Each structure stands twice: as structure tokens, then as C-alpha cells.
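Report on one structure; see the data block that follows.
Counting starts at 1 for both ligands and their atoms, following the listed order. Everything quoted here is computed from the prediction, not taken from an experiment.
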Amino acid sequence: MPTALITGITGQDGSYLSELLLEKGYTVHGLVRRSSNTARVRLDSLFADKSTYEERLFLHYAELDDATTIRRILIRCQADEVYHLAGQSHVGASFDIPETTCQFTAMGTLKLLEILRDLEKRPRLVHISSSEVFGRPDHSLQNERTPMRPVTPYGIAKAFATQMVSLYRESFDLFACNAICYNHESPRRGESFVTRKITRAAAAIASGSTEKLKLGSLDSTRDWGYAPEYVEGMWRMLQQPTADDYILATGTSHSIEEFLNAAFECVDLNWRDHVVQDARYMRPSEVSQLVGDAHKARSILGWTPQTQLNELAHLMVNADLLRISSL
Ligand code: GDP
């Protein structure tokens, strides 16, 4: 049975991916940051399973910029596949901590590529890239050939990492793919991302909270999909005979207002009564027109996103309601 290494295993995608790979019979190794007090709650159910944790699921401490440690872990675990998810992933925060963002998201990826290049047994790699690399494109449906014109520190770091992955594939014959993912959400989405912030607030207000929901720009639009479907796409990329880059997206974009409508409708409330705008959540520079064309993933990987915006908002609000009721 294959062995996988996941960087960023404690995040939303890392936790869904671990579940998917364990279900498929993989042994899974995950990298965890020692210095942070990273919540591991998304992996709790896997830890609780005695037949999994430290039997088929192993965690290792390593910072993304610690090449020596990552090399040692990769040699010891003899991974067949590497899923590179880790990095500072909050676009808004990347304006406050651009150096950290580049250190981990850009240089961390280059260091990983350098390690893989030198390994005797080279695992297959998928790097989880982002629609942020396109910034403000000329056309509202982007594909794998759309030029990268990032407009945020996170997008710039991701563009560097994405292009390095393609370069290492072409120059050093690494099996290395980019999964260029548009926003993908779930009940496990970090609480500072706008969808989860909204669904948590809708659930809290429906449960009696009188606190206002403070948001930045409501006009922004995003192509929002459902995270478990996206990790399936990442896995499929590594099962192909050749490495390539793929867009994972729904092909439809919605505004924050539309997401607010969908989320507050679940609890029979009007969001306009509960939302206030707060300049603190406005960004110095915003992407626009980001909608992905996932035709290539559909035809080669057989990957099609299923979950629509309303259903996504519903399942997130319901999970937040359940969480509140169990407190
Ligand atoms: P991103 O696409 O990775 O930046 O995902 P986010 O969920 O962080 O942000 C999506 C969009 O929502 C961006 O255009 C933000 O400017 C907008 N937005 C509006 N209010 C908020 C807020 O309070 N928090 C966040 N994170 N984004 C907000």
C-alpha cells in the first residue's frame, strides 16, 4: 500500500485528505509546526481511532523552512506521494506578514523541490496552488494557460511556488503537479475566512447572540466549492501517467452578499439586520473576476464538483449550529 506525506495536515484540506488516503489504505505521514499552537481538532477523530493513529497515521514536527528535518522525514518514511498544502494561506494576513508568507509559501516550496530533486527514490508531488496567482485577469474564466498576474503578497508567493513546480517538472523530470484551486470551503474552514465567519455568525445569532457580524467588502465575488471534492481532485492528479497542472473550480462565481443570503436563509434571518461594515476587513488590494475553467480536470481526471453554493452554505451553517448546541 502506498505511503503519503502531507505538509499542512492540520488544516482544512489536510484533514480531509488524510481521511481520504487512509480510507484508500495509505499510510499517512503529516508535518506539523512545533512552534505554533496549531489546533489539531480537525484530526481528532483520527487520533481517537487506535487502529489508525501511530499505526497508519504519523505526525512529525517540522517547520517548512527546515530542509534538513524534512529531508530526514522523507527518507525515513519513503513516501510515494507528497501533498504540499502547507503555507501561510490567509490572503488578508499576507498584507500584514508578507515576509513570513513568502518564507513559507514561496521559499518553503522551493526547499521542498530541492529536497525531492536530490532523493534517490523521488515521490510524486502535488503542490496546492491558488486562484490568487491570476490576480485581476482579463478574462473571467481562467484556465491553465491564463497568465499569472498576482496582486496580493499571498498570490505573488503562490505564483513563485507554482512556476517553480512547473520548472522542476520540466527541467529535472520531477513528477510534480500544481492543483490550482479556487476557494473551497467546508465546516472545517478556518474561522477568519469569510464564508466560515458568516456561517458561524448566522448560527450564533440564530442561537441567541446579539453580536453584529463585522465584514469588509461585500461586493467581492468568489468561485466557492466544497473542500472534500477538491482533495479528491488532488489525489487523482497523482494517479495519472504524467504530471501536469490542473485548475480545480466550480466555474461559477458568487458575491459575498449571495453567500450571506444563502447562509442567513438557513436560519430564517435577514442578514441586513445583523451585518455592519468594518474598514479593518477591507484589503489594500483585491483580486477580481476569479472564476475557474476546470475542463481539463473534468476530461483527464474525471473530476466534477458537485456541491452548489446554497448546499455549501447550508451544510456549513448546520455544522455550526450543531457545534453551538453541543457546547
Ligand atoms: P480569499 O479568497 O482566500 O481571500 O478568501 P477570504 O474568505 O479570506 O475572502 C474572500 C473575500 O471576502 C475577499 O474579497 C475579502 O475581501 C472579502 N471579505 C469581506 N469581509 C471579510 C472578512 O471579514 N473576512 C475575510 N476573510 N474576508 C472578507
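- For the pair Asp138 and Arg149, the salt-bridge criterion is met [side-chain N within less than 4.0 Å of a carboxylate O].
- Counting heavy atoms closer than 4.0 Å to ligand 1, residue Lys197 contributes side-chain atoms (C-beta onward) but none from N, CA, C or O.
- Using a 4.0 Å cut-off to heavy atoms of Phe193, the atoms of ligand 1 that qualify are 5 (O), 6 (P), 7 (O), 8 (O), 26 (N).
- Using the six-membered ring where Trp is involved, Tyr230 and His184 have ring planes that are parallel, under 30° apart on the 30 and 60° scheme.
- Under a 4.0 Å criterion applied to the non-hydrogen atoms of Asn183, ligand 1 contributes the atoms 1 (P), 2 (O), 3 (O), 5 (O).
- Not a single heavy atom of Arg196 sits closer than 4.0 Å to an atom of ligand 1.
- A salt bridge links Glu286 to Arg222: one of the charged nitrogens lies within less than 4.0 Å of a carboxylate oxygen.
- Counting the atoms of ligand 1 from 1 in the order shown, those under 4.0 Å from a heavy atom of Ser220 are 14 (O).
- Summarising the geometry of Gly233 relative to Trp303, their closest heavy-atom pair is CA-CD1, 3.5 Å, with the distance given to 0.1 Å.
- Looking at Arg169, His127, Gln163 one by one, the single match for side chain to side chain donor-acceptor pair (under 3.5 Å) with Asn178 turns out to be His127.
- By the neighbour-count criterion of 12 heavy atoms within 6.0 Å, atom CD of Gln308 is sparsely surrounded, having that number or fewer from other residues, nucleotides or ligands.
- Proximity of Ile256 to ligand 1, defined as any heavy-atom pair under 4.0 Å, is confined to the side chain (atoms from C-beta onward).
- Summarising the local packing, NZ of Lys121 is surrounded by more than 12 heavy atoms from other residues, nucleotides or ligands at distances under 6.0 Å.
- Between Gly216 and ligand 1, a contact under 3.5 Å exists for at least one N or O pair.
- For the pair Thr195 and ligand 1, the shortest N or O to N or O distance does not fall below 3.5 Å.
- For the pair Tyr281 and ligand 1, the shortest N or O to N or O distance does not fall below 3.5 Å.
- No option in Thr3, Thr27, Ile9, Val28 other than Thr27 meets the side chain to side chain contact (heavy atoms under 4.5 Å, CB included) test with Phe58.
- When non-hydrogen atoms are compared, ligand 1 lies under 4.0 Å from the side chain of Val91 (C-beta onward) but not from its backbone.
- Within the 4.0 Å heavy-atom criterion, neither part of Asp278 lies near ligand 1.
- Distance from atom 4 (O) of ligand 1 to its nearest protein heavy atom, with residue and atom name: Arg283 NH1, 2.6 Å.
- Within a 6.0 Å radius of CD in Gln239, other residues, nucleotides and ligands contribute more than 12 heavy atoms.
- At a 3.5 angstrom cut-off on N or O pairs, Arg222 counts as close to ligand 1.
- Close approach to Lys214 involves these atoms of ligand 1, each under 4.0 Å from a residue heavy atom: 23 (O).
- Scanning the protein heavy atoms around atom 21 (C) of ligand 1, the nearest turns out to be Val194 CG2, 3.6 Å.
- Between the Arg56 side chain and the Leu22 main chain, a donor and an acceptor come within less than 3.5 Å of each other.
- For atom 24 (N) of ligand 1, the closest non-hydrogen atom of the protein is Ser192 O, 3.8 Å.
- Remark: minimum distance from atom 15 (C) of ligand 1 to any protein heavy atom is reached at Glu286 OE2, 3.4 Å.
- Checked by atom type, the side-chain pair Ser253/Asp223 shows no donor-acceptor distance below 3.5 Å.
- Remark: ligand 1 and Arg189 share no N or O pair separated by less than 3.5 Å (distance only, no angle test).
- No part of Ser130 comes within 4.0 Å of ligand 1, judged by heavy-atom distances.
- At a threshold of 4.5 Å between non-hydrogen side-chain atoms, the residues Ser255 and Asp219 do not count as touching.
- Contacts between Ser217 and ligand 1 below 4.0 angstrom, taking non-hydrogen atoms only, involve the backbone exclusively.
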